[in-house]
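Below: one structure, written as structure tokens.
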Number of protein chains: 2
Amino acid sequence: MDQNVFDDPRITAIGLLFEAGAGLSARFAAQFEEHGLSPVEFEVLMRLTRSPGHQLRMTDLAAQTSLSTSGVTRVVDRMERDGLLRRRACPSDRRSSYAVVTAAGLSRLDDTLPGHLRIIEEWFTGQLAPPQLEALLDGLRRVRDAVHPGATAGSTEPAPADC
Amino acid sequence: MDQNVFDDPRITAIGLLFEAGAGLSARFAAQFEEHGLSPVEFEVLMRLTRSPGHQLRMTDLAAQTSLSTSGVTRVVDRMERDGLLRRRACPSDRRSSYAVVTAAGLSRLDDTLPGHLRIIEEWFTGQLAPPQLEALLDGLRRVRDAVHPGATAGSTEPAPADC
DNA sequence: GAGCAACTATAGGCATAGCAATATTCCCTG
DNA sequence: CAGGGAATATTGCTATGCCTATAGTTGCTC
């Protein structure tokens with residue numbers, strides 16, 4: 001085992017990226033919890049709400065989050081039980097069903113977002129001078145586009161209009 | 001619900017950070033699996049191996065990873081069963097025990113690291129020109145230091161010499 | 001030196017999420 | 001229009017990790 005590996009600039013770099021992400025994640029999770037949401041539930045709420053009609057097919061929701069389809073089934077189960085979402089059958093394809101954000105879901109997201117944005121600003125974007133931030137984001141964009149797991153909003157084709 | 005929220009630069013920024021991280025994580029996980037390691041196991045192996053004596057008390061290991069103490073107990077259980085680690089009692093404090101990397105653990109890490117470094121380079125550091133990368137890392141360092149969960153190597157006081 | 005609070009590791013119970021299997025539906029091909 | 005392969009959502013099983021409780025140890029205070 002070569003001890004020098006730990007000083008490898010690649011190890012340093014990836015360590016920075018993940019430690020920054022972990023620190024932010026922890027703060028996000030704490031704030032989500034104040035509003036009765038888990039990180040995954042918040043993500044689902046965001047993805048659905050930013051989609052046309054505040055809805056998405058289960059499969060598409062899975063593709064846009066880090067969840068598997070069975071994971072989506074279960075998260076939607078929970079959120080439906082809590083009244084944040086409801087399922088709606090797709091009239092044109094009886095295999096598909098849509099997860100739709102309810103008024104309660106929108107309201108919950110409304111309550112949660114201001115604090116969320118405040119945390120992002122306090123611990124991330126506000127830590128850097130504007131040009132520094134731009135440079136950081138440019139780099140991240142580059143990496144994101146390279147590894148792109150297809151998670152960018154709108155990357156999947158819009159759902160059929162009749163659904 | 002204000003649709004403009006989704007165009008908020010803070011949302012964009014945090015999205016970039018997390019999508020980049022998620023894409024890299026997925027690739028790492030696939031490569032770890034080729035070597036019979038989970039991401040958490042790799043992290044444990046790294047933290048221990050970079051520590052003096054290739055060992056760390058359970059509590060310190062928990063502090064340096066994203067795991068709780070009970071989580072560490074169980075990961076070390078598995079890795080000990082697989083022969084990658086062993087437990088060693090601390091002679092000066094009978095409450096504590098150390099997780100120590102075995103020869104098999106070092107060898108496993110040796111096998112895994114080259115591919116890991118290759119992935120970092122291919123999808124992260126190699127995606128950017130050197131000055132771009134420096135700018136990105138400067139920004140990340142700034143954010144990391146702000147949110148610092150105390151995970152930086154060597155941040156915890158060195159273990160008593162007799163342990 | 002007896003009592004007590006803090007610390008350390010572990011075990012039990014619980015929640016979450018992935019994989020594989022399943023049932024249903026769709027669509028294409030002949 | 002019949003049949004087979006692909007797609008969709010769900011469920012069972014399993015693995016993982018957190019929270020809480022527990023047992024043992026330490027060190028401080030009186």
Side-chain angles (χ1 to χ4, degrees), chain A residues 22 25-26 28-30 32-33 36-44 48 55-82 84-100 149 156-157 159-160 162-163, chain B residues 22 25-26 28-30 32-33 36-44 48 55-82 84-100 149 156-157 159-160 162-163:
Chain A
S25 290
F28 291 156
F32 293 153
E33 200 171 3
L37 292 174
S38 72
V40 168
E41 287 164 354
F42 177 81
E43 188 186 1
V44 164
L48 289 178
Q55 62 185 319
L56 229 36
R57 295 189 318 161
M58 301 295 276
T59 302
D60 296 334
L61 184 53
Q64 291 192 17
T65 58
S66 53
L67 288 168
S68 65
T69 61
S70 64
V72 164
T73 292
R74 297 198 159 106
V75 176
V76 172
D77 281 347
R78 295 197 296 272
M79 297 178 74
E80 192 172 32
R81 181 167 40 70
D82 294 345
L84 302 174
L85 306 180
R86 64 185 178 83
R87 279 179 169 83
R88 192 171 69 79
C90 173
S92 70
D93 185 341
R94 290 161 61 193
R95 293 170 303 182
S96 295
S97 59
Y98 276 69
V100 192
T156 50
E157 76 291 342
D162 58 356
C163 280
Chain B
S25 289
F28 290 156
F32 293 153
E33 200 170 4
L37 292 174
S38 72
V40 169
E41 287 163 354
F42 176 82
E43 188 186 1
V44 164
L48 289 178
Q55 61 185 319
L56 229 38
R57 295 189 319 162
M58 302 293 277
T59 301
D60 295 334
L61 184 53
Q64 292 192 16
T65 59
S66 54
L67 289 167
S68 66
T69 61
S70 64
V72 164
T73 292
R74 298 207 153 98
V75 176
V76 172
D77 280 348
R78 295 198 297 273
M79 296 178 74
E80 191 171 32
R81 181 167 40 70
D82 294 346
L84 302 174
L85 307 179
R86 65 185 177 83
R87 280 179 169 83
R88 193 170 71 78
C90 173
S92 71
D93 186 341
R94 289 159 63 191
R95 293 171 301 182
S96 296
S97 60
Y98 277 69
V100 191
T156 50
E157 76 291 340
D162 58 355
C163 281

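Per chain, numbering begins at 1; letters A, B, ... match sequence-line order.
- Annotation: the terminal axes of the helix from C:dG1-D:dC30 to C:dG30-D:dC1 meet at 10°, where each axis is the rotation carrying the C1' atoms of four end pairs onto the next four (5 pairs per end, rounded to 10°).
- We find the CG-OG1 distance between B:Asp60 and B:Thr69 to be 12.0 Å, quoted to the nearest 0.5 Å.
- Among all heavy-atom pairs drawn from A:Cys90 and A:Tyr98, the shortest one is CB-CE1, 3.7 Å.
- The distance between atom OH of B:Tyr98 and atom P of C:dT8, rounded to the nearest whole Å, is 10 Å.
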Heavy-atom contacts, protein to nucleotides 14-25 of chain C, under 4.0 Å, summarised as B (base), S (sugar-phosphate only) or - (none) per nt, yield --SSBB-----B
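- When the P atom of C:dC7 is taken as reference, atom CG of B:Asp60 falls 13 Å away, rounded to whole Å.
- For A:Thr73 against A:Arg87, the heavy-atom pair with the smallest separation is O-NH2, 3.3 Å.
- Residue B:Ser96 is in sugar-phosphate contact alone, with no base atom involved, counting any heavy-atom pair closer than 4.0 Å across all strands shown.
- Rounded to whole angstrom, the span from the CG atom of B:Asp77 across to the C1' atom of C:dG12 amounts to 14 Å.
- Counting all heavy atoms, side chain and backbone alike, B:Ala99 lies closest to B:Met58 at CB-SD, 4.3 Å.
- Inter-residue side-chain proximity for A:Leu84 and A:Leu37 is flagged as met; some heavy-atom pair is nearer than 4.5 Å.
- Applying the side chain to side chain contact (heavy atoms under 4.5 Å, CB included) test between B:Leu85 and each of B:Gln55, B:Met79, B:Glu41, B:Arg78 identifies B:Met79 as the sole match.
- Here the shortest heavy-atom pairing between A:Pro39 and A:Ala29 reads CG-CB, 4.0 Å.
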Legend entry - A:Leu61 and A:Leu48: CA distance, side-chain angles, deciding distance, side chain to side chain contact (heavy atoms under 4.5 Å, CB included) verdict: CA-CA 8 Å; A:Leu61 184 53; A:Leu48 289 178; 4.0 Å; yes
